[in-house]
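So you know, we letter chains A, B, ... as the sequences are listed, proteins then strands, and number each from 1.
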2 protein chains.
Amino acid sequence: MQIEKPYLMFIGDVHDQLAAKTAAGIVDWRRDWCVGQLRLPGCKADLGLEDIGIEEGRARGARTMVVGVVNAGGVLPEHWVRSIVEALEAGMDIASGLHKRLEDVPEIAEAARRHGRQLHDVRIPSQTFATGKGTKRSGMRLLAVGTDCSVGKKYTALALEKEMRAQGFDADFRATGQTGIFISGRGVAVDAVVADFISGAAEWLTPDAAPDHWDVVEGQGSLFHPSFAGVTLGLLHGSQPDAFVVCHEPTRKTMRGVAHPLPTIRQVIDLTVACGRLTNPRIQCVGICVNTQALGEAEAKAYLAEIAAAEGLPATDPVRFGTAEIVRRLKAVFG
Amino acid sequence: MQIEKPYLMFIGDVHDQLAAKTAAGIVDWRRDWCVGQLRLPGCKADLGLEDIGIEEGRARGARTMVVGVVNAGGVLPEHWVRSIVEALEAGMDIASGLHKRLEDVPEIAEAARRHGRQLHDVRIPSQTFATGKGTKRSGMRLLAVGTDCSVGKKYTALALEKEMRAQGFDADFRATGQTGIFISGRGVAVDAVVADFISGAAEWLTPDAAPDHWDVVEGQGSLFHPSFAGVTLGLLHGSQPDAFVVCHEPTRKTMRGVAHPLPTIRQVIDLTVACGRLTNPRIQCVGICVNTQALGEAEAKAYLAEIAAAEGLPATDPVRFGTAEIVRRLKAVFG
């Protein structure tokens with residue numbers, strides 16, 4: 001799956017900004033790829049892009065219309081179908097993050113066939129994978145792991161890609177979730193793969209590469225999350241990282257969706273190394289990324305200094321303070 | 001999914017005994033459920049059951065015809081379809097372990113609908129699962145884990161179920177793979193579940209139970225297998241075992257299908273405890289089951305004595321020497 005750029009961003013008539021979170025993430029990281037936004041009457045979200053129609057989108061070169069919204073139940077409202085069919089008729093592909101498959105809407109499937117367009121359901125892996133082999137591949141890999149779900153692993157990987165490129169690395173973000181896939185134009189939603197093929201999918205995502213090329217892999221879940229640790233472990237084994245960064249949210253009391261307390265950063269480092277060694281004996285932690293949004297600036301700095309001293313690793317909030325120090329560490333260790 | 005008993009065992013015209021391995025496993029553990037075997041001309045396998053036809057199978061009370069074979073590519077040969085349709089017409093359900101779905105063969109799908117019969121594809125989970133919650137459930141659980149795939153985890157779990165019942169335990173085997181599902185009449189092929197739901201499927205399989213009831217759970221893969229460790233970890237978290245047994249094959253040099261060496265038994269115990277604690281802090285190893293087929297009897301006994309002394313745990317070959325000592329240990333620890 002390769003989603004063709006640039007994108008016309010479709011957000012329908014969603015009722016709040018949160019429902020357009022995926023689309024907003026794409027605009028945050030790939031504004032250059034977005035030629036405008038298409039909103040229906042009553043839409044309460046705004047991506048900060050120019051409002052344009054399908055014809056203007058096409059005139060500006062859009063090759064894919066992105067349905068970057070979440071909706072109650074993941075359904076596709078009937079009154080959105082017309083816009084999607086029109087985009088297909090105008091020669092655009094469609095990429096959707098909804099649970100409902102585009103192909104399962106007869107008018108959309110039929111229009112795509114008639115006009116020879118692609119339909120991308122980014123939540124649903126479209127290819128089959130081999131089982132993982134665990135064989136060492138050429139090139140370098142960095143994985144973002146976490147003390148929990150939703151602690152900034154995607155943001156961290158994207159921020160690292162940007163900073164690594166700025167510091168002269170040949171680095172590419174590798175997406176493992178739907179927003180990430182839109183942002184990179186390719187990837188695989190590893191949590192939607194059949195269980196036997198998790199590590200195989202991660203191997204497909206991070207193939208042999210030039211010796212000094214870095215894949216910067218978006219992590220998923222946590223080795224300590226009782227719902228999703230299997231996904232996390234398969235991704236760790238398949239991506240065989242040389243380096244990893246631990247992401248953390250210090251004010252969270254229990255892990256997302258369950259009653260379990262968060263593990264410590266040290267526990268995550270130790271278990272990641274213990275398990276990751278299986279496919280890359282050189283695995284090591286190169287930094288810690290903390291979402292300090294809930295803390296004042298002085299408090300955040302004190303907290304990061306404390307962690308950095310305790311673990312002997314660079315610790316930062318990638319949003320507030322950037323990731324330059326982690327990338328310098330990476331260069332010192334692997335450069 | 002509940003497969004109705006008893007079974008008429010269909011093995012078609014497979015070319016060797018190995019192709020009927022699943023069916024042979026069912027006969028090994030549940031001979032009472034098998035009213036006979038149905039073979040087509042040229043069949044080279046034999047389950048040691050009386051050869052009967054569909055009519056006689058039905059007369060003997062068969063409620064399901066089991067297609068318990070593997071075939072190159074998992075396909076369903078066209079000349080088997082007639083027998084399957086006849087069984088449906090005679091009032092039997094069909095349960096298949098092939099990769100090809102019964103429902104995807106139009107004649108079979110149509111006959112099942114016409115006669116109101118069930119089609120069970122045991123490789124393909126038929127229900128949807130919630131994500132795992134990791135909450136402690138009532139009742140007790142034992143999980144068979146391994147240093148590799150195919151080291152006797154299913155055999156061990158079934159042997160333990162039998163011995164536990166003999167020693168007065170209220171114990172039920174819980175199947176996580178296709179042969180196990182035929183043997184228990186229910187279960188879930190956890191390796192075929194979507195990755196996000198591995199631990200949720202294991203929770204579904206081992207629900208709340210009476211305080212002294214034991215689920216004896218068939219393990220899958222190994223925490224040290226680079227292809228399948230994600231499945232193993234999700235199953236460990238979801239089944240939240242109080243006790244586990246490590247299965248091992250001492251002559252194997254590399255893990256199945258990959259180039260990695262086997263971990264030590266001690267490594268498996270340590271990582272299983274480290275990870276299993278997340279959903280059951282009381283988790284402990286109660287024994288080691290070794291497949292000593294490749295060793296002479298004296299050699300096997302010496303090897304088991306050595307392991308038992310090194311780990312301070314009962315060590316046995318469940319086929320050669322039974323599992324009585326492990327079950328006594330279980331009684332001593334949890335009784």
Side-chain angles (χ1 to χ4, degrees), chain A residues 123-125 129-136 149 176-177 188-203 220-238 240 254-261 263 267 270-271 274-281, chain B residues 123-125 129-136 149 176-177 188-203 220-238 240 254-261 263 267 270-271 274-281:
Chain A
R123 282 184 189 272
I124 301 155
F129 301 99
T131 54
K133 285 296 164 217
T135 314
K136 187 74 186 72
C149 305
T176 61
V188 56
V190 286
D191 57 3
V193 166
V194 168
D196 244 2
F197 303 98
I198 310 170
S199 62
E203 293 185 0
Q220 292 293 334
S222 165
L223 286 178
F224 290 88
H225 197 296
S227 311
F228 308 119
V231 174
T232 312
L233 183 59
L235 180 54
L236 174 60
H237 283 160
Q240 53 178 227
T254 59
M255 299 189 85
R256 198 174 166 89
V258 296
H260 292 64
Q267 285 177 306
D270 289 345
L271 190 57
C275 293
R277 251 191 226 128
L278 181 73
T279 53
N280 192 339
Chain B
R123 282 184 190 271
I124 302 154
F129 301 100
T131 55
K133 284 297 163 217
T135 314
K136 188 75 187 72
C149 305
T176 61
V188 56
V190 287
D191 56 3
V193 166
V194 168
D196 244 2
F197 303 99
I198 310 170
S199 62
E203 293 185 0
Q220 292 293 335
S222 165
L223 286 177
F224 290 87
H225 197 295
S227 311
F228 308 118
V231 174
T232 312
L233 183 59
L235 180 54
L236 173 61
H237 284 160
Q240 52 178 230
T254 59
M255 299 190 86
R256 196 176 167 87
V258 296
H260 291 64
Q267 284 177 307
D270 289 345
L271 190 57
C275 293
R277 250 189 226 130
L278 182 72
T279 55
N280 192 340

**Item:** Closest-packed option against chain A by number of heavy-atom pairs under 4.5 Å, given B:Ala229, B:Gly234, B:Gly238
**Value:** B:Ala229
**Request:** Count the heavy-atom pairs under 4.5 Å between each of A:Gly230, A:Pro263, A:Ser199, A:Gly221 and chain B, then report the option with the highest count.
**Result:** A:Gly230
**Flag if over 12 foreign heavy atoms under 6.0 Å of CZ, A:Arg123** = yes
**Nearest heavy atoms of B:Pro226 and A:Gly134, plus distance in Å** = CB-CA, 3.8 Å
**Item:** For chain A, the option from B:Ile198, B:Val193, B:Leu271 that forms the most heavy-atom pairs under 4.5 Å
**Value:** B:Val193
**Prompt:** Is the shortest heavy-atom distance from the side chain of A:Thr131 to the side chain of B:Val258 under 4.5 Å?
**Reply:** no
**Fill in**
Sequence neighbours excluded, the answer for side-chain hydrogen bond (donor to acceptor under 3.5 Å, both in side chains) partners of B:Thr176 is B:Gln220
**Message:** Going by side-chain hydrogen bond (donor to acceptor under 3.5 Å, both in side chains), name the residues that satisfy it together with A:Ser222, two or more places apart in sequence or in a different chain.
**Reply:** none
**Message:** If I compare all heavy atoms of A:His225 with all of B:His237, which pair ends up nearest, and what's the gap?
**Reply:** O-ND1, 4.3 Å
**Prompt:** Would you say the side-chain atoms of B:Lys133 pair up with the backbone N or O of A:Gly257, donor to acceptor, closer than 3.5 Å?
**Reply:** yes
**Asked** Between B:Leu233 and A:Leu223, is any pair of side-chain heavy atoms under 4.5 Å apart?
**Response** yes
**Message:** Using 0.5 Å steps for rounding, measure from the SG atom of A:Cys275 to the CZ atom of B:Phe224.
**Reply:** 7.5 Å
